[in-house]
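What follows is a short report on a single structure.
Every number for a ligand or one of its atoms is a count from 1 in the order of the listing.
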Amino acid sequence: MISSIAQLEEAALAELSAAGDADALEQWRIRYLGTHGRLKEAMTGLKDVPKAEKPAVGKRLNEVKATLEQAFAVRREAQAATSEGGPRIDVTEPGLPAGLGRRHVLSRTIDEIVEIFGRMGFSVAEGPEVEDEFHNFIALNIPPGHPARDPADNFYMGGTEEGSKLLLRSQTSTVQIRAMEKTAPPLKVVAVGRVYRPDTHDATHYSMFHQIEGLYVDRNVTMVDLKTTLFQFARAYFGPEAEVRMRPSFFPFTEPSAEVDMKMRIKGQWQWVELGGCGLVDPNVFRAVGYDPEEWSGFAFGLGIERIAMRRYGISDIRWLFENDARFLRQFG
Ligand code: FA5
């Protein structure tokens, strides 16, 4: 029995290497490994083998089965790769051009803006997107009970006790506090990042957007310094005819405060566009970080990056910036 198994194995392997195409391989499989194939036949014959020999013969049959199955798998794979029937791979054919990605129009805008402020002497500061109430509110002169802390206007994330709640930051002004905690005055930084507000999505509002924050602290800083800085930025970014206008406004962390508009050309027409807020740092903010408000003064501003990118690149709906439709994004390469 053992010797006839060896013969079976030998014959099977010889025939396998002679099988020249997919059809012949399949025929071979049916002949040897099929439900009524020769191997199955031999296994059925096991019941007639004397009891003492059964274990050895059974073991041998199993080995042959494994060998044949493996040899078949190898042959079939090789055959599929080279034969006409299988997938044809011509390694000499030129490949398809690899689709190169490109930077997102918002990332580009951020780089351009940071570059301009970098040339004006601002270094880059950072802070976390998940903030505590101290940095998002208290240090920014927004006390408990202030409407800006309303749960309907913020994404609170946890903590129940007043004063120890966490939230997704609603403005990059939090980074003013983080920067001043870390560095003694004077200080000149910009911070760019995501902020979150439960605003209803429309053409100009999204629940996650980006701001650029600027903070300059030194002796005798005035509104003139603030306006000059914003003006220089506007000219560098929107062109030599761009203009800046400030309208009186209110923010808890600046006094006086103003809305910033920039005049830019949109589809050939000069228009005033509101981009953000600004003002002189409120003395209470300095006290919260241990700066002496008698000695130090400063300005701060916060601009919406999407609004800037939309104006600059003629994008009329903010939602397109976040839908990741490649046909839209490809236009800004
Ligand atoms: C602020 O967030 C202040 N922190 C700005 C500031 C900084 C004032 C420093 C003084 C000193 P405001 O909530 O107005 O301000 O938002 C600033 C800008 O963010 C807006 O002018 C707008 O350009 C942008 N913005 C606000 N909400 C959205 C929104 N839902 N989607 C897209 N952009 C928005």
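In this structure, the side chains of L168 and V130 come closer than 4.5 Å at one or more pairs of heavy atoms. Between M120 and Y216 there is no side-chain heavy-atom pair separated by less than 4.5 Å. Side chains of Y32 and L39 form no contact here, defined as non-hydrogen atoms less than 4.5 Å apart. Side-chain contact between F251 and L140 is absent, with no heavy atoms from C-beta onward closer than 4.5 Å.
Some N or O of R197 is nearer than 3.5 Å to an N or O of ligand 1, by distance alone. Residue Y206 places at least one N or O, backbone or side chain, under 3.5 Å from an N or O of ligand 1. Considering backbone and side-chain atoms together, Q171 places an N or O closer than 3.5 Å to an N or O of ligand 1.
Here the heavy atom of the protein found nearest to atom 15 (O) of ligand 1 is F251 CE2, 3.5 Å. The closest protein non-hydrogen atom to atom 22 (C) of ligand 1 is R307 NH1, 3.2 Å. Of all protein heavy atoms, the one lying nearest to atom 8 (C) of ligand 1 is G277 C, 3.4 Å. In this structure, the protein non-hydrogen atom closest to atom 9 (C) of ligand 1 is E213 OE2, 3.3 Å.
Residue-ligand proximity, T254 to ligand 1, at heavy-atom distances under 4.0 Å covers atoms 10 (C), 11 (C). Each of the atoms 21 (O) of ligand 1 lies under 4.0 Å from some heavy atom of E274. Every atom of ligand 1 is numbered from 1 in the order shown, and the set under 4.0 Å from a heavy atom of D199 is 27 (N), 29 (C), 30 (N). Of all the atoms in ligand 1, the ones that sit under 4.0 Å from a non-hydrogen atom of H205 are 29 (C), 30 (N), 31 (N).
With H201, Q176, Q211 as candidates, the residue nearest to atom 17 (C) of ligand 1 on a non-hydrogen basis is Q211. The heavy atom nearest to atom 32 (C) of ligand 1, out of those in Y196, F301, F209, is found in F209.
With respect to the salt-bridge test (charged N to carboxylate O, under 4.0 angstrom), the residues R60 and E9 qualify.
Within 6.0 Å of atom CE in M223, more than 12 heavy atoms from other residues, nucleotides or ligands are found, so the atom counts as buried in its surroundings.
Classification of the Y196-F155 ring pair by plane angle, with boundaries at 30° and 60°, yields perpendicular.
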Kindly list each side-chain donor-acceptor pair under 3.5 angstrom involving residues 308-324, sequence neighbours excluded, with atom names and distances?
unit_1	atom_1	unit_2	atom_2	d
R312	NH1	Y237	O	2.8
Y313	OH	R108	NH2	3.4
Y313	OH	E112	OE1	3.3
Y313	OH	E112	OE2	3.0
D317	OD1	R319	N	2.9
D317	OD1	R319	NE	2.9
D317	OD2	R319	NE	3.4
D317	OD2	R319	NH2	2.8

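Only the backbone of L275 comes within 4.0 Å of ligand 1, judged by heavy-atom distances. With a heavy-atom cut-off of 4.0 Å, C278 touches ligand 1 through its backbone alone.
Heavy-atom separations between T204 and ligand 1 include at least one value shorter than 4.0 Å. Ligand 1 has no atom lying under 4.0 Å from any heavy atom of F299. Assignment of S173 to the shell around ligand 1 is supported, since a heavy atom sits closer than 4.0 Å. At a 4.0 Å cut-off, not a single heavy atom of E306 sits close enough to ligand 1 to count as contact.
Aromatic ring centres of F301 and F117: separated by under 6.0 Å.
Separating the CD atom in E53 from the CG atom in L46 is a distance of 10.5 Å, to the nearest 0.5 Å.
Contact between F299 and T222 at its shortest, heavy atoms only, is CD2-O, 4.4 Å.
Residues passing the salt bridge (charged side-chain N to carboxylate O under 4.0 Å, His left out) test with R76, sequence neighbours excluded: none.
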